[in-house]
Amino acid sequence: MSHKNGIDLLRDSFANKSTAFTEDEKERYGLVGLVPDVTETEDIQVQRVLLQLGTKSTDLGRYIYLIDLLDHNETLFYRTIMSDPARFLPIIYDPTIGEACLKFGHIYRQPRGMYLSITRRGKVKEILKNWPQKDVRFICVTDGGRILGLGDIGANGMGIPIGKLQLYTGCAGVPPQYLLPMYLDAGTNNEQYLHDPLYLGLRQTRPSAEALYSFVDEFVEAVQEVFPKCCIHFEDWTGSDAVHLLERYRDKYCVYNDDVQGTAGIVLAGMINAAKIKGTKLSDEKYLFLGASSAGIGLAGLLCSALVKEGLTLEQAQSQVYMFDVNGLLESTRTDLFDFQKIYAHKHKPTRDFVAAIESIRPTTIIGVSTVGGTFTQAVVEAVSGVNERPVILALSNPTEHAECTAEQAYTWSKGKAIYAAGVQFPPVHFNGQTFLPGQANNFYIFPAVGMAIFATQASRVTDEMFIEAAHAVADQVPPDLLNQGLLYPLQSGILEIEIQTAARVAILVFDSGLARVKRPKDMVAFIREHVYKPEYAAELAIETTPA
Ligand SMILES: NC(=O)C1=CN([C@@H]2O[C@H](COP(=O)(O)OP(=O)(O)OC[C@H]3O[C@@H](n4cnc5c(N)ncnc54)[C@H](OP(=O)(O)O)[C@@H]3O)[C@@H](O)[C@H]2O)C=CC1
Ligand SMILES: CC(=O)C(=O)O
Ligand SMILES: [Mg+2]
């Protein structure tokens, strides 16, 4: 085995232990004099990180510091974020990641992941081979078409695959060496970035869907050859591309779309718990969505599957889902709808007035997936509270400014009646002598756990049933006292254990469905734990390392 030595070892973020090298290692690897003459533990090193983070005045500053840390010492990065997930999730992920993406070309320091431009067509397979790791298990890929609720931001969207994959490790323990963030660059229609000298993508507008899909075809097929055990996770494509590409590959390859399926899983988990709070059944719910694209369509499909499991026919389930987009209510006379939207376009008089739609449809639940902040106005919240004892209000759009309403607005405008969650974590709200705990309806409770189940079982396909099972597993882990305060999701402080338990339930389903490519273990939780990454330095340096 070839070993890195001296300064090369210190510059290898996978193997670097910084001030934690032992005396023996310092001697063996030519490090004497290159590091301070101490041998610290990981926990002492974390103390120093926390001290330095304390000097940063903004979350973006903390994000940049942590990414720098990752570039130098991966173990210490994961040790830090896994030491206090509730504190660090909002910094390395939603909402700070939104600001980091908007400024991606400006705060860029080191390469991370791969950048594949449409101008490289015909050479994708060769380029994938440039990645130093040969056993890649997950590629999270975006074309930057719809990043959070920020729209088309092209190459700046690369912050999202980087951040999402960090959660595979930070939330569910998937070892980081198997993860590859990927930006497929087909241009951008964002004029601001096209004119920004620091923009890091192709300076051209987006091609036709046909040209884009043929580029994606080449990419997906090349992945099968270069990384045969890899699952492709699609993230933050524009709505119609998200739905169409998922349909194109889902039965042929190991792929999923987190915005379609992961989001659906987390909303289903929330709805299961909302029904517990209300003492009702899922099939008693009637949904009205604000937004009818990838997130809304994915959600509607999965909720309908869950209702079918409760005994409804698919048509009955679909008849309980209504949707509203930028042109108003989806109804049967609309001629501008995609096929995947038409099933939710029921007989109803046309309207562009969301409040009027609430009064007429009388939904039990409104779900914001519109990308537009503030669209659940006081009139909207009052209308849905007027037709329900306990309205469910989910404001899913990200980041914070894009939430359809805040927790405080939901609880105060509904006079404490709302059962509320949002894509970001809002603080507890005190109203009328009561404390309400808003949950974070964010797919990070779901996709890392499903990812861990796929990783451990080497699943050959990703199915909707896996997300339904994950939803039940997440929902089941909220203790009754927290449910009573309106909390729909488990506390983030225990996220790793929550996701291990969730992954184990999904893994059982993978084996039961015949999709596993490894031998079935006796104890599934123990089996998942065996695969969990631990942010600890290896006792013995096995430094056939991979460059950062
Ligand atoms: N919390 C979570 O875990 C997740 C949250 N999300 C969030 O959901 C949001 C939507 O995602 P996605 O579906 O992929 O996004 P898209 O941009 O594909 O779709 C947005 C939808 O909202 C509609 N819309 C836009 N403006 C309005 C408006 N003013 N009134 C009513 N409808 C409107 C659009 O209509 P039209 O098509 O006609 O323009 C479209 O149907 C994003 O902000 C994203 O951050 C997504 C995934 C996970
Ligand atoms: C959370 C997420 O996936 C989104 O907002 O797109
Ligand atoms: Mg997303």
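When a ligand or atom number is given, it counts from 1 through the structure's own listing order.
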Options A242, G149, G145, G368, ranked by nearest heavy atom to atom 43 (O) of ligand 1, top entry: G149
Distance flag, aromatic centroids of F431 and Y411, threshold under 6.0 Å: no
Polar side chain donor-acceptor pair, Q501 to Q477, under 3.5 angstrom: no
Reported CG-to-CG distance for the pair N190 and N156, which is rounded to 0.5 angstrom: 8.0 Å
Side chain, backbone, both or neither: Y93 near ligand 2, heavy atoms under 4.0 Å: side chain
Close aromatic pair by centroid cut-off 6.0 Å: F289 and Y322: no
Residue and atom name of the nearest protein heavy atom (relative to atom 33 (C) of ligand 1), distance in Å to one decimal: V326 N, 3.7 Å
Atom 15 (O) of ligand 1: nearest protein contact (heavy atom, Å): R146 NE, 3.4 Å
Polar contact flag for N442 and ligand 2 (N/O pairs, less than 3.5 Å): no
Aromatic contact, Y420 with F436 (centres under 6.0 Å): no
Under 4.0 Å to a heavy atom of D259 - the qualifying atoms of ligand 2, by number: 2 (C), 3 (O), 4 (C), 6 (O)
Lys/Arg-Asp/Glu bridge criterion (N-O < 4.0 Å) met for K342, E331: no
Atom 24 (N) of ligand 1 - nearest protein heavy atom and its distance: S370 O, 3.6 Å
For ligand 2, the portion of T263 having any non-hydrogen atom under 4.0 Å away: neither
Shortest-distance N/O/S atom, E235 versus the Mg ion (ligand 3): OE2
Part of D236 within contact of ligand 2 (heavy atoms, under 4.0 Å): side chain
Ligand 1 atoms in contact with D259 (distance to a heavy atom under 4.0 Å): 46 (C), 47 (C)
N-O pairing of R206 and D185 below 4.0 Å: no
Protein contact of atom 14 (O) of ligand 1 - nearest heavy atom, named by residue and atom, plus distance: S294 OG, 2.4 Å
Pairwise side-chain contact, P399 with E99, heavy-atom cut-off 4.5 Å (strictly under): no
Within-shell test, H402 vs ligand 1, heavy atom, strictly < 4.0 Å: no
Close N or O approach (N443, ligand 1; < 3.5 Å): yes
Flag side-chain contact, heavy atom, 4.5 Å: S397 against S370: yes
Pair S332, H346: side-chain N/O donor-acceptor within cut-off below 3.5 Å: no
Part of Q440 within contact of ligand 2 (heavy atoms, under 4.0 Å): neither
Check: Q166 and P176 side chains under 4.5 Å, non-hydrogen atoms: no
Shortest protein contact, atom 20 (C) of ligand 1 (heavy atom only): V369 O, 3.7 Å
Enumerated ligand 2 atoms positioned under 4.0 Å from heavy atoms of K164: 1 (C), 2 (C), 3 (O)
Test of proximity, G239 against ligand 1: N or O pairs below 3.5 Å: yes
Polar proximity ligand 2 side, R146 side, N/O cut 3.5 Å exclusive: yes
Shortest protein heavy-atom distance from atom 5 (O) of ligand 2, along with the residue and atom involved: N398 ND2, 2.8 Å
Taking atom 23 (C) of ligand 1 as the reference point, the nearest protein heavy atom with its distance: G291 CA, 3.8 Å
Basic-acidic side-chain contact under 4.0 Å: K164, D236: no
Flag, side chain of Y344 to backbone of I297, donor-acceptor distance under 3.5 Å: no
Gap separating the CZ atom of F88 from the OH atom of Y63, nearest 0.5 angstrom: 14.5 Å
For L148, the ligand 1 atoms whose distance to one of its heavy atoms is below 4.0 Å: 42 (C), 43 (O), 44 (C), 45 (O)
V372 contact mode with ligand 1 (heavy-atom cut-off under 4.0 Å): side chain
Protein residue, atom and distance nearest to atom 41 (O) of ligand 1, heavy-atom basis: A292 N, 2.9 Å
Euclidean distance, N443 CG relative to D258 CG, rounded to 0.5 Å: 3.5 Å
Mode of T263 contact toward ligand 1 - side chain, backbone, both, neither (heavy atoms, under 4.0 Å): side chain
Element-labelled atoms of ligand 1 that are located less than 4.0 Å from some non-hydrogen atom of G423: 1 (N)
Region of L396 engaging ligand 2 - heavy atom pairs below 4.0 Å: neither
Parallel, tilted or perpendicular: ring planes of Y115 versus Y183, cut at 30 and 60 degrees: perpendicular
D217 and R248 ion-paired at < 4.0 Å: yes
Contact (N/O only, under 3.5 Å) between A441 and ligand 1: yes
Pair Y78 and Y533, ring centroids less than 6.0 Å apart: yes
Distance from atom 13 (O) of ligand 1 to nearest protein heavy atom, with residue and atom: A295 N, 3.0 Å
Geometric class of the Y168/F447 ring pair [parallel <30°, tilted 30-60°, perpendicular >60°]: tilted
Option of least heavy-atom distance to atom 32 (N) of ligand 1 (set: I147, D325, D94): D325
Test of proximity, N398 against ligand 1: N or O pairs below 3.5 Å: yes
N/O donor-acceptor pair under 3.5 Å between R250 side chain and Y256 backbone: no
D258 near the Mg ion (ligand 3): N/O/S under 2.8 Å: no
Flag: protein heavy atom within less than 4.0 Å of atom 1 (N) of ligand 1: yes
Closest to atom 18 (O) of ligand 1 (judged by heavy-atom distance), picking from S293, S397, A421, A422: S293
OD1 (D236) to the Mg ion (ligand 3) to OD1 (D259) angle, given to the nearest 10 degrees: 90°
Within reach of ligand 1, part of L290 (heavy-atom separation under 4.0 Å): side chain
